[in-house]
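Okay, so here's the structure we're looking at.
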Amino acid sequence: MEIEAESLAIKIEKLKVSEPVISTGLEYDELYELSNRAAEKYIRDNLRGNYLNTDTGDVIRITRKGAEKVTRHDAENHVHLKSIALIPELIRRSVFIAEVKNEKQINEYDSFRYYVAGLRIEDTDYTVKLVVGVKNGLTYYDHAITPIEKKKLLKSIDEIKRPFASKESSDDGEQVSDVLSHCKDKRLISILQGNS
């Protein structure tokens with residue numbers, strides 16, 4: 001168990017020092033309209049294939065199923081729709097955090113691998129969790145965007161883990177312990193805490 005915790009600590013440190021993917025927010029502009037149908041067609045027609053994750057050397061393929069899954073949620077969220085043009089770069093630059101067995105068996109994957117990256121779109125910082133299905137290789141499954149900068153999110157998780165955590169404030173004056181209350185992605189929090 002101690003080795004796993006140390007391994008997670010190394011992964012978290014890699015994530016902390018990793019540079020975010022920087023976006024103008026216009027990469028999609030000549031590629032597709034900001035709608036889930038147009039984004040799905042763009043992925044199917046242009047992104048299918050293999051992409052290398054530089055953190056692990058994993059080759060992750062994008063298939064039709066990934067195109068469908070990622071465009072089925074947050075259809076009104078323009079940041080999410082804009083991020084679809086960035087999927088290859090997010091795959092390339094994300095840091096592997098954890099692999100979790102597929103307990104529910106609701107699809108064909110044996111397990112899911114979780115990768116995390118920082119993302120800055122139009123001068124706003126986000127944390128992105130990428131989900132990759134594992135069975136006969138690695139297949140991009142989905143990604144979700146949390147509207148919290150990754151270092152701030154990691155600092156908040158660290159504060160919760162520390163006994164007698166102080167009521168530190170983040171750079172913008174927000175209580176560090178309050179940052180997590182704005183995070184709707186409970187799986188992201190769980191894997192970053194090592195509770196997967």
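Along the sequence shown, residues are numbered consecutively beginning with 1.
In this structure, Ser23 and Lys82 have side chains that are not in contact, with every pair of non-hydrogen atoms separated by 4.5 Å or more. Counting heavy atoms from C-beta outward, Ile91 and Ile87 have side chains that approach closer than 4.5 Å. Here the side chains of Lys152 and Thr127 are not in contact, with every heavy-atom distance at 4.5 Å or above. Between Asn102 and Asp110 there is no side-chain heavy-atom pair separated by less than 4.5 Å. Annotation: side chain of Ile97 is in contact with side chain of Leu8 (closest heavy-atom distance under 4.5 Å). Between Tyr51 and Arg92 there is no side-chain heavy-atom pair separated by less than 4.5 Å.
The only option from Leu47, Leu52, Ile60 that meets the side-chain contact (heavy atoms from CB on, under 4.5 Å) definition with Pro88 turns out to be Leu47. For the side-chain contact (heavy atoms from CB on, under 4.5 Å) with Arg187, the lone residue among Val131, Leu192, Val100 that qualifies is Val100.
The salt bridge (charged side-chain N to carboxylate O under 4.0 Å, His left out) test applied to Arg93 returns Glu89, not counting sequence neighbours. Remark: Lys151 pairs with no residue by the side-chain hydrogen bond (donor to acceptor under 3.5 Å, both in side chains) rule, at least two apart or across chains. The salt bridge (charged side-chain N to carboxylate O under 4.0 Å, His left out) test applied to Asp45 returns Lys41, not counting sequence neighbours. Residues passing the side-chain contact (heavy atoms from CB on, under 4.5 Å) test with Ser111 are Glu99, Val134, sequence neighbours excluded. Residues passing the ring pair (Phe, Tyr, Trp, His ring centres under 6.0 Å) test with Phe112 are Tyr109, Tyr141, sequence neighbours excluded. Every residue meeting the side-chain contact (heavy atoms from CB on, under 4.5 Å) condition with Leu31, not counting sequence neighbours, appears here in chain and number order: Tyr42, Ala85. Qualifying side-chain contact (heavy atoms from CB on, under 4.5 Å) partners for Asp125, counting only residues two or more places apart in sequence or in other chains: Arg120, Glu149. Partners of Arg48 under the salt bridge (charged side-chain N to carboxylate O under 4.0 Å, His left out) rule, at least two apart in sequence or in another chain, do not exist in this structure. Annotation: salt bridge (charged side-chain N to carboxylate O under 4.0 Å, His left out) contacts of Glu30 (sequence neighbours excluded): none. For Thr56, the side-chain contact (heavy atoms from CB on, under 4.5 Å) partners two or more places apart in sequence, or in a different chain, are Asn53, Asp58, Phe96, Arg113, Tyr115.
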Inset, instruction - Give the C-alpha distance, both sets of side-chain angles, the deciding distance and a yes or no for side-chain contact (heavy atoms from CB on, under 4.5 Å) between Val128 and Ser83. - result: CA-CA 10 Å; Val128 181; Ser83 75; over 6 Å; no
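Between Ser35 and Leu81, the shortest heavy-atom distance links the atoms N-CD1, 3.9 Å. Considering all non-hydrogen atoms of both residues, Val116 and Leu15 come closest at O-CD1, 3.4 Å.
Sequence neighbours left out, the pairs with a member in residues 12-22 that pass side chain to side chain donor-acceptor pair (under 3.5 Å) are Lys14-Asp55.
To the nearest 0.5 Å, atoms CG (Leu154) and CD1 (Ile148) are separated by 10.5 Å. To the nearest 0.5 angstrom, Lys155 atom NZ is 9.5 Å from Asp158 atom CG.
Ile22 belongs to no multi-residue hydrophobic cluster, having no ILVMFWY side-chain contact under 4.5 Å with any other such residue.
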